[in-house]
Novice: 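Handing you a structure now.
What's counted below: heavy atoms across the whole structure, side chains too, no hydrogens, waters or symmetry copies. Every chain is numbered from 1, with letters handed out A, B, ... down the list of sequences.
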Amino acid sequence: MKVTRIHITGVGGQGTLLATSLIGEAAMLAGLNVNISEVHGMAQRGGVVESAVIIGPALSTIISDGEADILLGFEPSESLRAANKCGSNTLVITNSHPFPPFTSAIGQGEYPDIEKALAQLEKRVKKLVALDADAYAHQAGSILSMNMVMLGALARHADLPIKADHAKKAIKKNTKKAFLKKNLKAFDLGYKH
Amino acid sequence: MNPLLKTKSGQKRLLLGNQAIVRGALEAGVAFVTCYPGTPSSEISDSFFELSNESNIYFEYSTNEKVALEVGAGAAGSGLRTLIVMKHVGVNVAADPLMTLAYVGVEGGTVVISADDPSLFSSQNEQDNRYYGKLSSLPILEPSSPEEAKDMIKDAFDISEVLKVPVIFRTTTRINHSRGVVTFGRMKKRVIQGKFVKNPGLKVTLPGVSRTLHKILVDKYARAFQMANGSPYNFIKGRGKLGIITNGISYAYVMDALSDLKLKNNVAVLRLGYTHPFPKKLVQRFLRNKEKVLVVEELEPYMEEEAKTAAQEAGLTIPIAGKSDKLFSRLFEFDPGMVRAKIAKYFSVKYKAPKPVKTSGLPEIPNRPPNLCPGCPHRSTFYSVKKIAGLDTVYPTDIGCYTLGFMPPLRMADFLLCMGSSISTACGISKATGRKTVGFIGDSTFFHSGMTGLVDAVHNKHNVLLIILDNGTTAMTGHQIHPGVDTSLIGRDKQQIKPESVVRGIGVKDVYAVKPRNLKKMQEAVKSAMAYEGVSVIISEEVCPLYAQRTGEFSKKMIFEVDQKKCKNKRDCLNLLACPAFYLEGDKVMINPDLCIGCAVCSQVCPEHAIRPVKLGEQS
């Protein structure tokens, strides 16, 4: 079996770590070997939060430059920042809704024109899927479900041995009752995109 | 009940390395756990904090790592299985008792976790704590995965109990914060009632006693050396004339690299997990039929130097390489691709590295450094202090969220060594420069090791102002309790000690307790303290908003917005206060209603009074 490496990036507070462990749970439910790495601590204070899921016969828990099979970006400029993880064969799935860093508000650097920049990246990778996951999350009832939208998009577009059912089962197992309906709706919206 | 406690033997779970360690310790029958929280170890302590409410395990967040080790040593000396948890730099704080606990030894199995942080994700240095093994003569075990961590820590308790010394369990961030599939094992019965057997001739470390104890330790070391040479945690995978010696997470990168490079049948790998005492005999056997050996280890060349010594003693002259300009660096953590490339290079294997996409032509992305949260009371304190004490004053800082006061535009951090250093370094700077120096310290850090520095300041009559940023929790590491916390809010029965009573008890005369969101009051206090010759303390009291939201103490009812008609775009809110809730829409300053928590500080900063409160949901 081949190894699939998923690099996940986003901003502290966007729920990337929960999404990461749900991908892991889903892989486990599908009977696959899985290793994950996460970043905790100081970086979570509004900084970039990166994690990795490696599915298949491998022991490593992180992904080197150029070696991600899938880049899952929860914020478009963070997907661009992590472009070095991609090779020409990488599938990029990114939220297109901007969450500019504070530095751009105080004049240290300019937030890029996302549409143009993603179009540039699209030419260099196998496939790029951009979706307004924030909008879908609002539609599902809460911005907090944005990570579930991204999971839905991953389940749809990635060539993974994990089925949508596995992902939904993992969501059900790990979501408080009050949020479950919203989360599953958000997942479906992402899946249908 | 916590799944780590209730899940039955034989079940598989996807666990964080730190959770796997907790489960392993539970399976070993751990009865007594002490710690000081610190990334990347914190989730171990936090799990035990929860578990202690549902079981008869004793757990405490100790005042600092030295105290944690000493409290643990008392329990271990009374026969209980004891776990003592800290990050790598915490071992420095605990080093004094640790070195001598090695002499005195333990009765109950005792494990000291040293969570090292290669690449400094959340630390002030990346020291390699394997050298504590050499310094203390204590055994060191190092796992390569969460699953192994669970089994290995269980055995670490047994090894400790056989040798009657504490065992150092060394992890790195990539073990603590990796998640893998772990199979649960059976739980050993927990013994929670200890008995202290008096034996002052071997337990009171007078020089005469310690001369005997040192000899006993050297004997124990010899036994540990034999164990390391035969340990199942030191194993060989594969065969061949080429060899690799590796440990920890590097083992994962090595094994993946050998399969990627199709070298599995040409290279033998010696994985060391029981790394101190260094299993010299085993390594000599491994080296004997090799032509060339590579040592793959993060940080310092600990195994490499030991392997070279072992080779020399065995009369072997084969090349052994590791750290060099062309091979591995002593800096930062490794990654799979880098290890693969170095292995290919050292063993002269053809290899083409995967090519990352070209990033030329892609726009540069503005940095997104960690920052103080929206509404963080530290920001208002920094704003006020900077306004009154100015840019010429030197500001030593300390370890916590407020270290982020370093970030522009606040830039309120000039010097930092370690936990508690703000006050003591301020004393030195003030004496050397002849100016009142202002240190910042958090409440948990103040109890950890700021108090002793403050005693020095008072006793030696230094001219310093210490600002205690009292947010009622240990925020940076995930909101742990500490001696200053009112634990009744979370239903725990601990005695609260107010920083103000400590400060007054130490003998500080110039003391202010101020709410930092009242900028006028805070600035008056800073003015008065700066004019005072001697030791001043301002306690800036405001609960961490993240924590207050979690405990239900605070819920957002009101937010602020910019009245665009009144705003003259002076931008003090952005340029001086720099709360991350602000952003620019074209040329207009706006407040993100999702991020604003309604702290009202910006409305006091705005010279045009253009920032006004609105009820949540009624914003324009």
Novice: Any chance you could measure E25(A), atom CD, to R13(B), atom CZ, to the nearest 0.5 Å?
Specialist: 8.5 Å

Novice: Just verifying a value: how many Å separate I365(B) CD1 and L80(A) CG, rounded to the nearest 0.5 Å?
Specialist: 4.5 Å

Novice: Taking every non-hydrogen pair under 4.5 Å, which of Y583(B), Y253(B), F582(B) racks up the most with chain A?
Specialist: Y253(B)

Novice: Run the salt-bridge test on R340(B) and E67(A) with the 4.0 Å N-O cut-off and return the result as yes or no.
Specialist: yes

Novice: Please look at P374(B) and chain A and tell me whether the side chain, the backbone, both or neither of the residue comes under 4.5 angstrom of a heavy atom of that chain.
Specialist: neither

Novice: Can you find a heavy atom in the side chain of R174(B) that is under 4.5 Å from one in the side chain of I62(A)?
Specialist: yes

Novice: Is it the side chain or the backbone of L16(B) that comes within 4.5 Å of chain A heavy atoms, both, or neither?
Specialist: side chain

Novice: Does atom NZ of K588(B) have more than 12 heavy-atom neighbours from other groups under 6.0 Å away?
Specialist: no

Novice: Does the side chain of R81(A) reach to within under 4.5 Å of the side chain of N367(B), using non-hydrogen atoms?
Specialist: yes

Novice: To the nearest 0.5 angstrom, please state how far the CG atom of N89(A) sits from the NZ atom of K355(B).
Specialist: 14.5 Å

Novice: Taking C-beta and beyond as the side chain, do P112(A) and P366(B) meet within less than 4.5 Å on heavy atoms?
Specialist: yes

Novice: Could you tell me which portion of T359(B) (side chain, backbone, both or neither) has an atom closer than 4.5 angstrom to a non-hydrogen atom of chain A?
Specialist: both

Novice: Which heavy-atom pair separates L14(B) from S21(A) by the least distance, and what is that distance?
Specialist: CD2-O, 4.0 Å

Novice: Within a radius of less than 6.0 Å around CG of D113(A), do more than 12 heavy atoms belonging to other residues, nucleotides or ligands occur?
Specialist: yes

Novice: With a 4.5 angstrom heavy-atom cut-off, is it the side chain or the backbone of S88(A) that approaches chain B, or both, or neither?
Specialist: backbone

Novice: How long is the straight-line distance from CD1 of I249(B) back to OG1 of T61(A), given to the nearest 0.5 Å?
Specialist: 4.0 Å

Novice: Measure the CG-CG distance between D335(B) and D65(A) for me, rounded to the nearest 0.5 Å.
Specialist: 7.0 Å

Novice: Are any of the side-chain heavy atoms of H177(B) and V39(A) separated by less than 4.5 Å?
Specialist: no

Novice: Pick from G87(A), C86(A), A117(A): which one has the most heavy-atom pairs with chain B under 4.5 Å?
Specialist: C86(A)

Novice: Heavy atoms only, distances under 4.5 angstrom: which of A257(B), C579(B), G180(B) has the most pairs with chain A? Name it, please.
Specialist: C579(B)

Novice: Could you check if a side-chain atom of N35(A) sits within less than 4.5 angstrom of a side-chain atom of S178(B), using non-hydrogen atoms only?
Specialist: no

Novice: Do you know which two heavy atoms are closest between P369(B) and T103(A), and how far apart they sit?
Specialist: CD-CG2, 3.8 Å

Novice: Any sub-3.5 Å donor-acceptor pair from D256(B)'s side-chain atoms to A58(A)'s backbone N or O?
Specialist: no

Novice: Out of E38(A), Q120(A), K85(A), return the one with the most heavy atom pairs under 4.5 angstrom to chain B.
Specialist: E38(A)

Novice: Is Q549(B) atom CD crowded by more than 12 heavy atoms from other residues, nucleotides or ligands, each under 6.0 Å away?
Specialist: yes

Novice: Hey, is CD on Q11(B) packed in by over 12 heavy atoms from elsewhere, all under 6.0 Å?
Specialist: yes

Novice: Are any non-hydrogen side-chain atoms of H40(A) and N176(B) less than 4.5 angstrom apart?
Specialist: no

Novice: Is there a side-chain contact between V181(B) and V34(A) in this structure, where contact means two heavy atoms from C-beta onward sitting under 4.5 Å apart?
Specialist: yes

Novice: Top residue by heavy-atom pair count (under 4.5 Å) with chain A, among K358(B), K12(B), E364(B), R571(B)?
Specialist: K358(B)

Novice: A83(A), P100(A), S77(A), A27(A): which one forms the most heavy-atom pairs within less than 4.5 Å of chain B?
Specialist: S77(A)

Novice: Heavy-atom distance under 4.5 Å between the side chains of F102(A) and L595(B), does that happen here?
Specialist: no

Novice: For chain A, which of P146(B), A252(B), S259(B), A475(B) has the most heavy-atom pairs under 4.5 Å?
Specialist: A252(B)

